[in-house]
Amino acid sequence: MTDPLHDPLFFSDPYSTFARLRDASPVQKIPTGSKERYSYLVTGYAEARQAFADPRLSKDTARFFAGQHSRRNLHPAVSKNMLASDPPQHTRQRGVVAKLFTTGPVAEMRPYIAKVIDGLLDGWKSGTQVDLVQSLAAPLPVTVICQMLGVPEADHAMVAQWSNDLFAAGKPDCIDAASHAIGDYMTSLVETVRVEHNGGLLHTFVQHGNEGLLERDEVVSLAVLLLVAGHETTTNFIGNAVLALLQHPSSLTRLRQDPDLIASSLDELLRFDSPVGLATFRFSTEALQLGGVEIPSGVPVLIAPGAANRDPASFVEPQRLDLDRNASNHLAFGHGIHRCLGAQLARVEAEEALRAVVTGFPGMRLAVPSEDLEWRQTRLMRGLKALPVIL
């Protein structure tokens, strides 16, 4: 058996593959990479939710690969971060930053987010063609997170490109180079903040470092993590949501007639086409049973939110977009202690972006057939390379 997630058709339509695998078994052993390596893939909703919360599934990447020969050369700020750690290290780091992304602080960002969107849409004219990904979905979240971190505006595009390259599936050299570029850049920026005492999140992190709450290298790794995670998933969220609405005209019309429904529609849009196909790396620290399948100790476990969110055992007619569905239990943001830290920020950015597009361009339609759209060649993220639309 070959790796079913390496089929080129998987990127354009992962849901057919996920459904076939889930029908066979919601948890199953699949080949990954070379040298007869394998992982356990979780495609069922109940099993994915259980796996996300199971402390026997570690995210300590360094622990798993310790002593293994590898040609990879990732920057430490990328390979050793909060997302790749377990308690108590993870608990301490998350405790430092979690309060910065709660409802209150994020709500204070809403006027700025709306202003950024207005600026991005300023040049849009009815009847013209634009790439919604490059013109809105990509620059919006990177502008917001860069503003929060204090990244100079002139560097936004460069930082966004490095972040994008980190998910270049099948291109390890590209990924390694991008990790060093973004890691070195953020190290330099942190040192500048340390000397100049600038405001923003980086200054907050430096202060926590001075107080002993964060180690010096953790300040950089947190900054890199927020920079990358803070815009990649949101870009996909916005692009996938707009595409779903364009493909479901009745739902789009409904939101145009009542834009106040957009906020309550976000969960269903996230469930329908999740911005994350596979969750980040986990491995078993001891033997366990999941979905009736025995998983031995020391093997990778791949949790697929994209598959879980289309599980018919948990969502009636999961292939159908239903804005009246209560989809608040979706797993697009994960579950458990590693649930996406920036979920609230992503929701506000997507809500404001959809409101602006839906109300401002009532004639918007796809500029190419859906089957001609190109998807990013990465199993981790589920997002479009471009979304050409006619306004």
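Since we're looking at a predicted model, the values are computed, not measured.
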- request: Indicate whether any N or O donor in one side chain lies under 3.5 Å from an N or O acceptor in the other, for Ser297 and Ser284.
  value: no
- prompt: Who are the salt bridge (Lys or Arg N to Asp or Glu O under 4.0 Å) partners of Arg271, not counting sequence neighbours?
  reply: Glu268
Taking distance alone, no hydrogens or angles, what donor-acceptor pairs closer than 3.5 Å link side-chain atoms of residues 216-232 to residues at least two apart or in another chain?
residue: Arg216; atom: NH2; partner: Glu191; partner atom: OE1; Å: 3.1
residue: Arg216; atom: NH2; partner: Glu191; partner atom: OE2; Å: 3.3
residue: Glu218; atom: OE1; partner: Arg92; partner atom: NH1; Å: 2.8
residue: Glu218; atom: OE1; partner: Glu215; partner atom: N; Å: 2.8
residue: Glu218; atom: OE2; partner: Arg92; partner atom: NH2; Å: 2.8
residue: Glu218; atom: OE2; partner: Gln93; partner atom: NE2; Å: 3.1
residue: Ser221; atom: OG; partner: Glu218; partner atom: O; Å: 3.1
residue: His231; atom: ND1; partner: Leu227; partner atom: O; Å: 2.8
residue: His231; atom: NE2; partner: Ser163; partner atom: OG; Å: 3.4
residue: Glu232; atom: OE1; partner: Arg376; partner atom: NH1; Å: 2.8
residue: Glu232; atom: OE1; partner: Arg376; partner atom: NH2; Å: 3.3
residue: Glu232; atom: OE2; partner: Ser163; partner atom: OG; Å: 3.1
residue: Glu232; atom: OE2; partner: Asn164; partner atom: N; Å: 3.2

statement: Applying ring-ring contact (aromatic ring centres under 6.0 Å, His included) to Tyr45 and not counting sequence neighbours gives Phe315
- prompt: Less than 4.5 Å apart, any side-chain heavy atom of Asp23 and any of Phe18?
  reply: no
message: According to salt bridge (Lys or Arg N to Asp or Glu O under 4.0 Å), who are the partners of Lys115, at least two apart in sequence or on a separate chain?
response: none
message: Suppose we screen for ring-ring contact (aromatic ring centres under 6.0 Å, His included). Which residues come up paired with Tyr15, at least two apart in sequence or across chains?
response: none
query: Is Asp273 paired with Arg382 through a side-chain N to carboxylate O contact shorter than 4.0 Å?
result: yes
- prompt: Any side-chain donor paired with an acceptor under 3.5 Å for Asp60 and Ser58?
  reply: no
task: Would you please say whether a donor-acceptor pair under 3.5 Å links the side chains of Thr187 and Asp184?
output: no
Any residue meeting side chain to side chain contact (heavy atoms under 4.5 Å, CB included) with Ala332, in chain and number order, not counting sequence neighbours: Leu270, Ser274, Pro275, Asn309, His330
Please table the atom pairs, donor to acceptor, closer than 3.5 Å between any side-chain atom in residues 347-371 and protein atoms at least two apart or in another chain.
residue: Arg347; atom: NH1; partner: Asp267; partner atom: OD1; Å: 2.6
residue: Glu351; atom: OE1; partner: Arg110; partner atom: NH1; Å: 3.4
residue: Glu352; atom: OE2; partner: Arg110; partner atom: NH1; Å: 2.7
residue: Thr359; atom: OG1; partner: Arg355; partner atom: O; Å: 2.6
residue: Ser370; atom: OG; partner: Gln247; partner atom: NE2; Å: 3.0

task: Could I get the full list of salt bridge (Lys or Arg N to Asp or Glu O under 4.0 Å) partners for Asp322, not counting sequence neighbours?
output: Arg320
Salt bridge (Lys or Arg N to Asp or Glu O under 4.0 Å) contacts in which one or both residues fall within residues 277-303, not counting sequence neighbours: none
message: Under a plain distance cut-off of 3.5 Å, with no hydrogens placed, do Thr280 and Lys59 share a side-chain donor-acceptor pair?
response: yes
- line: Hits for ring-ring contact (aromatic ring centres under 6.0 Å, His included) against His90, two or more places apart or cross-chain, chain-then-number order -> His338
task: Tell me, please, which residues at least two apart from Phe281 pass ring-ring contact (aromatic ring centres under 6.0 Å, His included).
output: Phe64, Phe65
query: Are Arg63 and Phe283 close enough that some pair of their side-chain heavy atoms sits under 4.5 Å apart?
result: yes
message: Just so I know, are the side chains of Leu261 and Arg254 near enough to count as touching, which here means a heavy-atom distance under 4.5 Å?
response: yes
Between side-chain atoms of residues 130-155 and protein atoms elsewhere (two or more places apart, or another chain), which donor-acceptor pairs fall under 3.5 Å?
residue: Asp131; atom: OD1; partner: Val133; partner atom: N; Å: 3.0
residue: Asp131; atom: OD1; partner: Leu387; partner atom: N; Å: 2.9
residue: Ser135; atom: OG; partner: Asp131; partner atom: O; Å: 3.0
residue: Thr143; atom: OG1; partner: Pro139; partner atom: O; Å: 2.6
residue: Asp155; atom: OD2; partner: Tyr185; partner atom: OH; Å: 2.6

